[in-house]
Amino acid sequence: MAETTVDKTQKYDRQLRLWGDHGQRALESSHVCLVNASSVGTEILKCLVLPGLGKFTIIDDNMISGADSGCNFFLPPTEIGRPRAAVASKYLCEMNEDVEGHFVNSDVEKLLAEDDEYFKAFSCVVATHLSERCLVQLSDTCWKYDVPLLIAHCSGFLAYVRLQTAEHCVTEARPDNALDDLRLDRPFPALTEFLETQNLSTMDKKTHSHTPYVVLLHKFLEEWKEKY
């Protein structure tokens, strides 16, 4: 989207305060792939759907079992026997009407073998509960197409998360208290010339009260250098 609308500004107020309009636009233009609609996988997607992820695709060829419905909020008992990908996609989309959800009832290894370029379209791939053999294949594919890969696995109170991505540079930091660099230790020529024309001792009160504080800092810095 070009600009965050008034309705979306109100809806996403808390996160807009954190990452701004440009961060929200980046999220809304993203397409995340989830491999396996496990409990940890759907929870990760939920945390992206609520703030307004653009779209997601779930790849899973499993059917919902009793064990699934017992540990996954998005796979209720009434849906037992139906495809996990379709049901999880349905309930996740209900949490945010702005998000576009898709699903593929297929085995990820089959997709990798038939057409690994399929994964080029994603902004990020989230893989959960995969075998090591499948993870290696998926990892190689994501690395080849420069797609970040997040691997998550959870078993009871034990879990791990791994991230595979190329070098990522953060070009915009948002400190709570930004300190301006006035360059008073090495002023540029034009600033030096201006500072030299300012004489605090000969100024009247009105002129002194309108003097930029950079000038005051510089004058007292030079005075401090002479004394110490």
Side-chain angles (χ1 to χ4, degrees), residues 1-60 72-75 84-104 108 111 117-130 138-139 141-154 159-181:
M1 66 176 184
E3 295 291 340
T4 302
T5 63
V6 175
D7 290 342
K8 288 188 176 181
T9 299
Q10 296 174 350
K11 182 176 182 179
Y12 301 129
D13 177 70
R14 292 177 62 187
Q15 66 216 42
L16 285 170
R17 295 174 186 270
L18 176 64
W19 53 57
D21 283 346
H22 61 292
Q24 187 65 26
R25 287 194 294 270
L27 179 64
E28 293 185 8
S29 64
S30 297
H31 186 179
V32 174
C33 172
L34 171 64
V35 180
N36 283 338
S38 62
S39 56
V40 65
T42 52
E43 281 298 313
I44 291 173
L45 267 190
K46 181 198 75 174
C47 293
L48 295 173
V49 167
L50 288 175
L53 173 69
K55 53 186 175 180
F56 66 83
T57 297
I58 300 176
I59 300 175
D60 195 334
N72 195 329
F73 175 79
F74 297 98
L75 304 176
R84 289 202 313 187
V87 174
S89 177
K90 169 189 171 184
Y91 286 109
L92 282 165
C93 286
E94 288 182 357
M95 304 195 75
N96 192 338
E97 60 185 11
D98 297 331
V99 179
E100 183 181 331
H102 305 273
F103 62 90
V104 178
V108 66
L111 283 176
E117 290 191 4
Y118 175 78
F119 293 89
K120 289 174 61 176
F122 300 116
S123 307
C124 177
V125 175
V126 179
T128 67
H129 295 230
L130 288 179
L138 183 59
S139 172
T141 298
C142 290
W143 187 260
K144 180 170 65 173
Y145 296 121
D146 194 24
V147 177
L149 172 64
L150 180 72
I151 304 167
H153 187 90
C154 180
Y160 71 82
V161 176
R162 298 175 64 185
L163 175 64
Q164 173 187 285
T165 184
E167 181 178 353
H168 180 70
C169 298
V170 177
T171 58
E172 178 184 351
R174 298 179 58 132
D176 292 333
N177 297 294
L179 298 176
D180 296 324
D181 182 6

(message) How close do F74 and Y91 get, counting heavy atoms only, and between which atoms?
(response) O-CD1, 3.6 Å
(request) Hey, could you give me the SG/OH distance between C154 and Y160, rounded to the nearest 0.5 Å? (result) 11.0 Å
(request) Could you give me the CA-CA distance, side-chain angles and deciding distance for K46 and E43, then say whether salt bridge (charged side-chain N to carboxylate O under 4.0 Å, His left out) is met? (result) CA-CA 5 Å; K46 181 198 75 174; E43 281 298 313; 3.0 Å; yes
(message) As an exercise, state the distance from CG of L18 to CD of Q24, rounded to the nearest 0.5 Å.
(response) 10.5 Å
(message) For P148 versus S123, what's the shortest heavy-atom pair and its separation?
(response) CD-O, 3.3 Å
(request) Considering non-hydrogen atoms only, spot the tightest contact between L27 and P51 and give its length. (result) CD2-O, 3.5 Å
(request) Indicate yes or no for a side-chain donor-acceptor contact from Q164 to the backbone of S139 under 3.5 Å, with no hydrogens or angles considered. (result) yes
(request) Apply the test side-chain contact (heavy atoms from CB on, under 4.5 Å) to residues L48 and V126: give CA-CA distance (whole Å), side-chain angles for both, the deciding distance (0.1 Å), then the verdict. (result) CA-CA 12 Å; L48 295 173; V126 179; 5.5 Å; no
(request) Identify the heavy atoms of S89 and I58 that sit nearest to each other, and give their distance. (result) N-CD1, 3.8 Å
(request) Take T42 and N72 through the test side-chain hydrogen bond (donor to acceptor under 3.5 Å, both in side chains) and record every step on the way to the result. (result) CA-CA 8 Å; T42 52; N72 195 329; 3.2 Å; yes
(request) State whether a side-chain donor-acceptor pair under 3.5 Å links H102 with E100. (result) yes
(message) Let's go through L130 and N36 carefully: what are the C-alpha distance in whole Å and the side-chain angles of both, what is the deciding distance for side-chain contact (heavy atoms from CB on, under 4.5 Å) to 0.1 Å, and is it a yes or a no?
(response) CA-CA 8 Å; L130 288 179; N36 283 338; 3.3 Å; yes
(message) Within this structure, what is the CE-CG distance for the pair M95 and L53, rounded to the nearest 0.5 Å?
(response) 13.0 Å
(message) Using modelled atom types and a 3.5 Å cut-off, is there a donor and acceptor pairing between side-chain atoms of T141 and backbone atoms of E117?
(response) no
(request) List the atom of V147, the atom of F119, and the distance in Å for their closest heavy-atom pair. (result) CG2-O, 3.6 Å
(message) Looking at R84, is its backbone amide N or carbonyl O close enough to the side chain of D60 to form a donor-acceptor pair, meaning the two atoms are under 3.5 Å apart?
(response) no
(request) Please answer whether the main-chain N or O of A26 pairs with a side-chain N or O of S29 as donor and acceptor at a distance below 3.5 Å. (result) yes
(message) Testing the basics here: between L92 and V49, what is the closest heavy-atom pair and its distance to 0.1 Å?
(response) O-CG1, 3.5 Å
(message) Using side-chain contact (heavy atoms from CB on, under 4.5 Å), reason through Y12 and D21 one step at a time and then give a plain yes or no.
(response) CA-CA 10 Å; Y12 301 129; D21 283 346; over 6 Å; no
(request) Would you mind reporting whether F56 and V99 have side-chain heavy atoms less than 4.5 Å apart? (result) yes
(message) Using 0.5 Å steps for rounding, measure from the CD atom of Q15 to the CG atom of L50.
(response) 9.0 Å
(request) Mind checking the CG-CH2 spacing from L138 to W143? Nearest 0.5 Å is all I need. (result) 14.0 Å
(request) Take F103 and I59 through the test side-chain contact (heavy atoms from CB on, under 4.5 Å) and record every step on the way to the result. (result) CA-CA 6 Å; F103 62 90; I59 300 175; over 6 Å; no
(request) Apply salt bridge (charged side-chain N to carboxylate O under 4.0 Å, His left out) to D98 and K11, showing your working. (result) CA-CA 11 Å; D98 297 331; K11 182 176 182 179; 2.9 Å; yes
(message) Whether the side chain of T128 engages the backbone of H153 through a donor-acceptor N/O pair (distance < 3.5 Å, no angle test) should be reported.
(response) no
(request) Calculate, to the nearest 0.5 Å, the distance between atoms CZ and CG belonging to F122 and L149 respectively. (result) 12.5 Å
